[in-house]
Amino acid sequence: MSSKISGPKGAPDLFPPRSLLHDEIIGRAVIQLRRFGYNRIETPVFEHTQLFEKGLEPGSDLVTKQMYTFEDRGGRSLTLRPDMTTPVVRAIIEHGMDRQGLPVKLYYVASIFRQERPQAGRQRQFTQVGVEAVGSGGPDIDAEVIQLALNIYRAVELDVNLALNSIGHPGCRADYIPKLQAYLRSVADQLCGDCRRKIETNPLRTFDCKVESDRKLLEDAPFIVDQLCPECEIHYAGVKDRLDEWGIRYTEDPRLVRGLDYYTRTAFELTAVGLGSQNAVGGGGRYDGLAESLGGPSLPGIGFGLGVERIALALESKGVERKPALDVFIVSIGDRGRTAAFSLAAKLREAGFTTDLDYAGRVMKGQFKAANSRGANWVVVIGEKELESGKYTVRQMNTGDEEELPPSRIAGYLAVRS
RNA sequence: GUGGCCGUAGCUCAGCAGGUAGAGCACCCGGUUGUGGUCCGGGAUGUCGCGGGUUCAAAUCCCGUCGGUCACCCCA
């Protein structure tokens, strides 16, 4: 066992039947994304390390200890993307997409890499489907992006809770952070060690603490949402107005602090039940300063990312499963039968039916078992009798009804009956 | 990076007052010489994660190691 080669830790293989569920989630999501006017972008899985050092907060865990960074043969430092927003904004700037009309609306389906300790719902390589809308700063698009995210969850039939907050712009935070720190220092002796450390390094993160006594204390802390500048205040009110108008239910969570530090103003998170401690199935927010910090023009932006694996896990915990299915399985006997089977398979596949057959030369009973385990709705039998009469036996598996038909008429027959 | 739990057949697991392995599911064959999903009978499959130690004897006890998993952390 130990000598057998295995895949790297935290990078699970995706194969049937689970891959079917993934495909379906992504497929349904893409329909929604296109309806909202987003088109697909693909960026390389690795980027210059510098991109993430500039775009993401330099002191953050994500940058300091979770990136897969390596040197290529030319001595350049490259990093497997730990985030999709930064590369997409980079690409927008690099190709001048912002000059073709704003906002730039792009969606992606992408693998993300973060070197964390794996646990339920958290892998080192995972898949995000998400959008970035760059070049529009008003609250309309914030609300619409949230609406889009919720539409995707509805399309995959997963119930989620929407938590909403505004974390202001850097100016708001510059005023607010000292106030928060002052409060935290005043109760420092009652806080856990981690939180005490975060007072200086990353005070916003204390809101994520799971220690009950700390949570209590933080209820009395000043919240950024109460300290917004007039412009951010108006923006946030605008987002909530739109959501209210559209009948979208949300919970305001003044403790919600998005993980990535480029976020400004609107922040939201979507959680589902049935997931263990990693229960966020998606999240997003506004990042008005990011383009500029990457050396581009000043462009506001907003986006979200949904975790495909976590959505699949949440659905599976509800008992949802997808099994491979087949329209037709062809059972044949003998060499002539097999030749006829392949020629019929080609015709049926051309006509759009998922079709499979036996490659092992199994006995008829075994071929029927195979048809059954592959989930075939129909079986076509080509044996001696059929070859002689020129009519194949077409059996509907769930009813057992059989019909004798010449090969040329089978596709038409199936099209009518299925 | 820190901690708890777990590594036995393809999968889920039993066996652990030490005597060198078993069940269910899945798979293959047959009962039904051309019909699956039900039933009955038969069959194949394991370096019991790896290394070392104790012992006449280790899946079982001890040490180490690797792997998995869950939680912290962090986040989708």
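These values consider heavy atoms only, across backbone and side chains, with no hydrogens, waters or symmetry-generated copies. We name chains A, B, ... by the order of the sequence lines, and we start the count at 1 in each one. Remember, predicted model here, so these are calculated numbers, not experimental data.
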Undergrad: Would the distance check show the side chain of A:T355 and the main-chain N or O of A:L348 forming a donor-acceptor pair, the cut-off being under 3.5 Å?
TA: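 No; zero donor-acceptor contacts below 3.5 Å.
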Undergrad: With a cut-off of 6.0 Å (strictly less than), are more than 12 heavy atoms of other residues, nucleotides or ligands near CD of A:E42?
TA: no
Undergrad: For A:L158 and B:A76, what is the distance between atoms CG and P respectively, to the nearest whole Å?
TA: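 For the pair A:L158 CG and B:A76 P, the rounded distance is 17 Å.
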Undergrad: Taking the six-membered ring for Trp, is the centroid-to-centroid distance between A:F207 and A:F223 below 6.0 Å?
TA: yes
Undergrad: When the distance from CG of A:L275 to P of B:C70 is rounded to whole Å, what number comes out?
TA: 11 Å
Undergrad: Under 3.5 Å, is there a donor-acceptor pair linking the side chains of A:T85 and A:E132?
TA: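 Yes, a side-chain donor-acceptor pair sits under 3.5 Å.
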Undergrad: Do A:D175 and A:Q227 have side-chain heavy atoms sitting under 4.5 Å apart?
TA: no
Undergrad: Just checking A:A120: base, sugar-phosphate only, or nothing, at a heavy-atom cut-off of under 4.0 Å?
TA: sugar-phosphate
Undergrad: Partners of A:R374 by side-chain hydrogen bond (donor to acceptor under 3.5 Å, both in side chains), sequence neighbours excluded?
TA: A:D356
Undergrad: Tell me, which of residues 382-390 of chain A have any heavy atom that sits under 4.0 Å from an atom in RNA chain B?
TA: A:G383, A:E384, A:K385, A:E386
Undergrad: When only distance counts, do a donor and an acceptor, one from the side chain of A:E402 and one from the base of B:U35, lie under 3.5 Å apart?
TA: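 Flag set: donor-acceptor pair detected.
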Undergrad: Once side-chain hydrogen bond (donor to acceptor under 3.5 Å, both in side chains) is applied, do any residues pair with A:R90, and if so which ones, sequence neighbours excluded?
TA: A:E47, A:E94
Undergrad: Can you figure out which of B:A76, B:C74, B:G36 approaches the side chain of A:Q66 most closely?
TA: B:C74
Undergrad: Please say which of A:L33, A:I25, A:I311, A:V30 ends up in a side-chain contact (heavy atoms from CB on, under 4.5 Å) with A:V129.
TA: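 With A:V129 as partner, side-chain contact (heavy atoms from CB on, under 4.5 Å) holds for just one option, A:L33.
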Undergrad: Using the C1' atoms only, state how far B:A9 lies from B:U45, rounded to an integer number of Å.
TA: 6 Å
Undergrad: Would you say the side chain of A:V134 lies within less than 4.5 Å of the side chain of A:M97, judging by non-hydrogen atoms?
TA: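 A side-chain contact under 4.5 Å is absent here.
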Undergrad: Can A:T393 and A:E404 be counted as having a side-chain donor-acceptor contact under 3.5 angstrom?
TA: yes
Undergrad: Applying a 3.5 angstrom cut-off to the pairing atoms, does RNA chain B sit in any stems of at least three consecutive Watson-Crick or G-U pairs? List them by first number.
TA: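 Stem list for RNA chain B: B:1-7 with B:66-72, B:10-13 with B:22-25, B:27-31 with B:39-43, B:49-53 with B:61-65.
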Undergrad: Measuring from A:L315:CG to A:E321:CD, what's the distance to the nearest 0.5 Å?
TA: 12.0 Å
Undergrad: I want to verify a distance call: between B:G36, B:A76, B:C73, whose nearest atom is closest to the A:F368 side chain?
TA: B:G36
Undergrad: For atom C1', what is the distance between B:C73 and B:A17, given to the nearest Å?
TA: 43 Å
Undergrad: Using atom C1' of each nucleotide, how far apart are B:U20 and B:C61 to the nearest Å?
TA: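 Here B:U20 and B:C61 have their C1' atoms 16 Å from each other.
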Undergrad: What's the CG-P distance between A:N279 and B:C73, to the nearest Å?
TA: 13 Å
Undergrad: Rounded to whole angstroms, how far apart are CD on A:E269 and P on B:A76?
TA: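 Taking atom P of B:A76 as the reference, CD of A:E269 is at 7 Å.
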Undergrad: Taking the same atom, C1', in B:G15 and in B:C48, what whole-Å distance lies between them?
TA: 10 Å
Undergrad: Expressed as a whole number of Å, how far does the P atom of B:C66 sit from that of B:G19?
TA: 30 Å
Undergrad: Output the rounded distance in Å from CD (A:Q119) to P (B:G68).
TA: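 Result: 14 Å.
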Undergrad: Who pairs with A:S186 by side-chain hydrogen bond (donor to acceptor under 3.5 Å, both in side chains), at least two apart in sequence or on another chain?
TA: none
Undergrad: Distance check, P atoms only: B:C29 and B:G36, in whole angstrom units.
TA: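 Rounded to whole Å, the distance is 13 Å.
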Undergrad: Closest-nucleotide mapping onto RNA chain B: is A:V381 or A:A280 further toward the 5' terminus? I mean the 5' end.
TA: A:V381
Undergrad: Rounded to whole Å, please give me the gap between CG in A:N377 and C1' in B:G36.
TA: 13 Å
Undergrad: If the glycosidic angle is within 90 degrees of 0 it's syn, otherwise anti, so just tell me which one B:A17 is.
TA: syn
Undergrad: Side chains of A:F304 and A:I152: does their closest heavy-atom pair fall under 4.5 Å?
TA: yes
Undergrad: Let me check something: any side-chain donor-acceptor pairs from residues 331-341 of chain A under 3.5 Å, sequence neighbours excluded? List them with distances.
TA:
| residue | atom | partner | partner atom | Å |
| --- | --- | --- | --- | --- |
| A:T339 | OG1 | A:D335 | O | 3.0 |

Undergrad: Given atom CG of A:L56 and atom P of B:C75, what is their separation to the nearest angstrom?
TA: 11 Å
Undergrad: In residues 22-49 of chain A, which ones come under 4.0 Å of RNA chain B, going by heavy atoms?
TA: none
Undergrad: Tell me, please, which residues at least two apart from A:A155 pass side chain to side chain contact (heavy atoms under 4.5 Å, CB included).
TA: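 By the side chain to side chain contact (heavy atoms under 4.5 Å, CB included) rule, A:A155 matches A:R28, A:Q32.
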Undergrad: Check every strand shown and say whether A:Q125 touches a base, only sugar-phosphate, or nothing at a heavy-atom separation below 4.0 Å.
TA: nothing
Undergrad: Quick one: side-chain hydrogen bond (donor to acceptor under 3.5 Å, both in side chains) partners of A:Y107, sequence neighbours excluded?
TA: none
Undergrad: Give me, pair by pair, the N or O atoms of the protein and of nucleotides 27-33 of chain B that are less than 3.5 Å apart, along with how far apart they are.
TA:
| residue | atom | partner | partner atom | Å |
| --- | --- | --- | --- | --- |
| B:C28 | OP1 | A:R362 | NH1 | 2.9 |
| B:G31 | O6 | A:K365 | NZ | 3.1 |

Undergrad: Would you list the protein and nucleotides 3-6 of chain B atom pairs, both N or O, that sit under 3.5 Å from each other?
TA:
none

Undergrad: On the nucleotide B:G68, are OP1 or OP2 found under 4.0 Å from the side-chain N or O atoms that A:K9 carries?
TA: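 Answer is yes, contact under 4.0 Å.
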Undergrad: When the nearest nucleotide of RNA chain B is assigned to A:A370 and to A:R122 on a heavy-atom basis, which residue is associated with the more 5' position?
TA: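 Result of the comparison: A:A370.
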Undergrad: Measure the shortest side-chain to side-chain distance between A:L243 and A:L164 over non-hydrogen atoms and say whether it is less than 4.5 angstrom.
TA: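 In contact.
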Undergrad: Just so I know, are the side chains of A:V131 and A:K105 near enough to count as touching, which here means a heavy-atom distance under 4.5 Å?
TA: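 The answer is no; the side chains never approach within 4.5 Å.
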Undergrad: Can you tell me, in whole Å, how much space there is between the P of B:C16 and that of B:C75?
TA: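 Approximately 47 Å lies between the P atom of B:C16 and that of B:C75.
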Undergrad: Of all the choices, B:A76, B:G34, B:G36, which nucleotide is nearest to the side chain of A:E116 once you look at every atom?
TA: B:A76
Undergrad: Using the C1' atoms only, state how far B:A44 lies from B:C25, rounded to an integer number of Å.
TA: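 Those two atoms are separated by 16 Å.
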Undergrad: Can you run down the ring-ring contact (aromatic ring centres under 6.0 Å, His included) pairs that involve residues 158-177 of chain A, sequence neighbours left out, and say none if there aren't any?
TA: none
Undergrad: What's the CD-C1' distance between A:Q115 and B:G1, to the nearest Å?
TA: 11 Å
